[in-house]
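Presented below is the structure to which this report refers.
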Amino acid sequence: MASFSSIGDSTDPGFGVYVHWPFCAAKCPYCDFNSHVRHQPVDQPRFVSAFLTEMAEARRLSGPRTVTSIFMGGGTPSLMNPETVEAVLTGIAKFWHVPDGIEITMEANPSSVEATRFRGYRAAGVNRVSLGVQALNDRDLKFLGRLHNVEDALKAIGLARDIFPRMSFDLIYARPNQTVEDWEQELKQAVSYAVDHLSLYQLTIEEGTPFYGLHKAGKLIVPDGEQSAVLYEATQEITEGFGMPAYEVSNHAAPGAESRHNLTYWRYGDYAGIGPGAHGRLGMGRNKIATATERNPEEWLKLVEEQGHGMIDQEVLGLDEQADELLLMGLRLKEGIDLVRWQSLSGREPDPDREQFLIEHGFIERLGNSRLRCTPAGMLILDAVVADLAC
């Protein structure tokens, strides 16, 4: 297995391509992602054509690049036909250099998994799958609005283990009435099914979702800050004990099995965002362009066919803005940030008084003179730490 350093480092975070498939079979009540339910079949060839058209524009902005990872997210990409996935991957290789063996991830839901489809995705070039399991008991799966049950989830995990070289799955914790003992038992079960990677997210109540309305009305109670901290600390202890420590706030992996694509985000690398609602960061000299596309799938499709891309925003980020984004993303990682890189963007040292305050209170630490990272205690108040250092 590759070592951590061999899959990239903070001085060479790589270049990723993200493709967003915006359709789902049903909308989960906690989800604020750009996902849409359509009751008529989606014209997949038409969307493929639009993806390729938008790639051409992204290639014009990015220039020639070597792709280090590809990620197909959503929505539910496993609703795509295998030939759609193959056409998308062929298109990416047309516009950028795609070396053999790079990480190519596709998100999948257990309810839309069939062995024939998984084998089709593998034949198309996908070598890593990320399953949206979310819970390992049927009661909570129903509460979360999932279309699968535990039996479906375990079947999907088994198929993924058999067919793909790499596999991860997601769980959501800090659910209503979930005790630490409940979560510890469920997490140990999850680790026994995992290969080398887990994504473990605390349930958050996002504005505009059905859960937000229920929470505001007092009909959905989630663990408070203190309870959430206890659940988070239990998560770290168990995954560490099973050899899958956190390398990012919510992501855990055996050494060398970290998600290459997500590391590109957190190490503040460049990536092209293709599809409805996709975001990108493309370097242009000392500046970066932040791109965003139209969220509505049909409106995005119309824009692409009329103007050659679905981008509705292209913002040039100056050095100060890049420094803030580097801080925001990089402090999520256990490895922290490269201070030399941050200083070259910001043009300054961290404020010594603020830094010393955070060090004395055990929220951050220096790794020699070159790196700065959050401690486990700092991860619990990450937003506050970032805000303090960014000032």
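Reckoned from all heavy atoms, side chains included, excluding hydrogens, waters and symmetry mates.
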Let me confirm one number: the [atom1]-[atom2] distance from [X] to [Y], rounded to the nearest 0.5 Å.
| X | Y | atom1 | atom2 | result |
| --- | --- | --- | --- | --- |
| Leu345 | Asp320 | CG | CG | 9.0 Å |
| Asp324 | Leu328 | CG | CG | 8.5 Å |
| Lys188 | Leu136 | NZ | CG | 14.5 Å |
| Thr90 | Glu86 | OG1 | CD | 5.0 Å |
| Gln236 | Leu231 | CD | CG | 11.0 Å |
| Ile221 | Leu214 | CD1 | CG | 10.0 Å |

Using every non-hydrogen atom in the two residues, find where [X] and [Y] come nearest and quote the distance to one decimal.
| X | Y | result |
| --- | --- | --- |
| Met106 | Ser78 | CE-CA, 4.2 Å |
| Arg295 | Asn34 | O-ND2, 2.9 Å |
| Pro82 | Ala124 | O-CB, 4.1 Å |
| Thr68 | Ile102 | O-CB, 3.7 Å |

Should [X] and [Y] count as side-chain neighbours, where that means a heavy-atom distance under 4.5 Å?
| X | Y | answer |
| --- | --- | --- |
| Cys28 | Arg146 | yes |
| Pro350 | Leu339 | yes |
| Trp96 | Ile70 | no |
| Leu326 | Asp338 | no |
| Pro45 | Glu83 | no |
| His20 | Thr293 | no |
| Gln322 | Arg286 | no |
| Met167 | Ile157 | yes |

In residues 271-282, what donor-acceptor pairs under 3.5 Å come from side-chain atoms, sequence neighbours left out?
from   : atom 1 : to     : atom 2 : distance (Å)
Arg281 : NE     : Glu325 : OE1    : 3.0
Arg281 : NH2    : Glu325 : OE2    : 2.9

Can any side-chain N or O of [X] pair as donor or acceptor with the backbone N or O of [Y] at less than 3.5 Å?
| X | Y | value |
| --- | --- | --- |
| Thr204 | Glu206 | no |
| His215 | Leu220 | yes |
| Thr264 | Pro13 | yes |

State plainly whether one hydrophobic cluster holds both [X] and [Y], where clusters connect Ile, Leu, Val, Met, Phe, Trp and Tyr through side-chain heavy atoms under 4.5 angstrom apart.
| X | Y | value |
| --- | --- | --- |
| Val191 | Leu131 | yes |
| Val230 | Val222 | no |
| Val340 | Leu367 | no |
| Leu301 | Met72 | yes |
| Tyr232 | Leu203 | no |

I'd like to check the salt bridge (Lys or Arg N to Asp or Glu O under 4.0 Å) partners of Arg332; sequence neighbours left out, ordered by chain and number.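 Scan of Arg332 (salt bridge (Lys or Arg N to Asp or Glu O under 4.0 Å), adjacent residues dropped) gives Glu248.
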Taking salt bridge (Lys or Arg N to Asp or Glu O under 4.0 Å) as the test, write out the residues that go with Arg354, two or more places apart.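 Scan of Arg354 (salt bridge (Lys or Arg N to Asp or Glu O under 4.0 Å), adjacent residues dropped) gives Asp388.
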Counting neighbours of [atom1] on [X] that are heavy atoms of other residues, nucleotides or ligands and sit closer than 6.0 Å, is the number greater than 12?
| X | atom1 | result |
| --- | --- | --- |
| Asn369 | CG | no |
| Asn287 | CG | yes |
| Gln185 | CD | no |
| Phe33 | CZ | no |
| Lys27 | NZ | yes |

What verdict does the salt bridge (charged side-chain N to carboxylate O under 4.0 Å, His left out) test give for Glu365 and Arg373, after you've listed the backbone C-alpha separation in whole Å, the side-chain angles of each residue and the deciding distance to 0.1 Å? CA-CA 6 Å; Glu365 60 187 357; Arg373 71 176 180 182; 2.7 Å; yes
With sequence neighbours excluded, what pairs up with [X] under the ring pair (Phe, Tyr, Trp, His ring centres under 6.0 Å) test?
| X | result |
| --- | --- |
| His97 | none |
| His261 | Phe71, Tyr265 |
| His197 | Tyr247 |
| Tyr173 | Trp183 |

Starting from the C-alpha separation in whole Å, work towards a yes-or-no answer on side-chain contact (heavy atoms from CB on, under 4.5 Å) for Phe15 and Thr66. CA-CA 7 Å; Phe15 175 70; Thr66 295; over 6 Å; no
Tell me, which pairs form a ring-ring contact (aromatic ring centres under 6.0 Å, His included) where one or both residues lie in residues 331-366, sequence neighbours left out?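 Non-adjacent pairs meeting ring-ring contact (aromatic ring centres under 6.0 Å, His included): Phe357-His361.
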Checking Phe211 against Phe143 for the ring-ring contact (aromatic ring centres under 6.0 Å, His included) test, could you report, in this order, the C-alpha distance in whole Å, the side-chain angles of both residues, the deciding distance, and whether it holds? CA-CA 10 Å; Phe211 272 8; Phe143 161 74; 4.9 Å; yes
Ionic contact status for Glu298 with Arg38, cut-off 4.0 Å: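 A salt bridge is present here (some side-chain N lies under 4.0 Å from a carboxylate O).
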Short N-O contact, Lys288 and Glu321, less than 4.0 angstrom: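 Looking at Glu321 together with Lys288, the answer is no, because their closest N to O distance does not fall below 4.0 Å.
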According to salt bridge (charged side-chain N to carboxylate O under 4.0 Å, His left out), does anything in [range] pair up with another residue at least two apart or in another chain? List the pairs.
| range | result |
| --- | --- |
| residues 151-166 | Glu103-Arg166 |
| residues 226-244 | none |
| residues 169-178 | Asp140-Arg175, Arg175-Glu186 |

Please evaluate residues Trp21 and Thr84 with respect to the criterion side chain to side chain donor-acceptor pair (under 3.5 Å), reporting the C-alpha separation (whole Å), side-chain torsions for both, the decisive distance (0.1 Å), and the verdict. CA-CA 11 Å; Trp21 185 256; Thr84 298; over 6 Å; no
Could you please spell out the steps behind the salt bridge (charged side-chain N to carboxylate O under 4.0 Å, His left out) verdict for Glu299 and Lys302? CA-CA 5 Å; Glu299 289 299 315; Lys302 183 179 176 183; 5.1 Å; no
Using atom types as modelled, flag every donor-acceptor pair under 3.5 Å from a side chain in residues 46-53 to any protein atom, sequence neighbours excluded.
from  : atom 1 : to     : atom 2 : distance (Å)
Arg46 : NE     : Glu305 : OE2    : 2.8
Arg46 : NH2    : Glu305 : OE1    : 2.8
Thr53 : OG1    : Ser49  : O      : 3.0

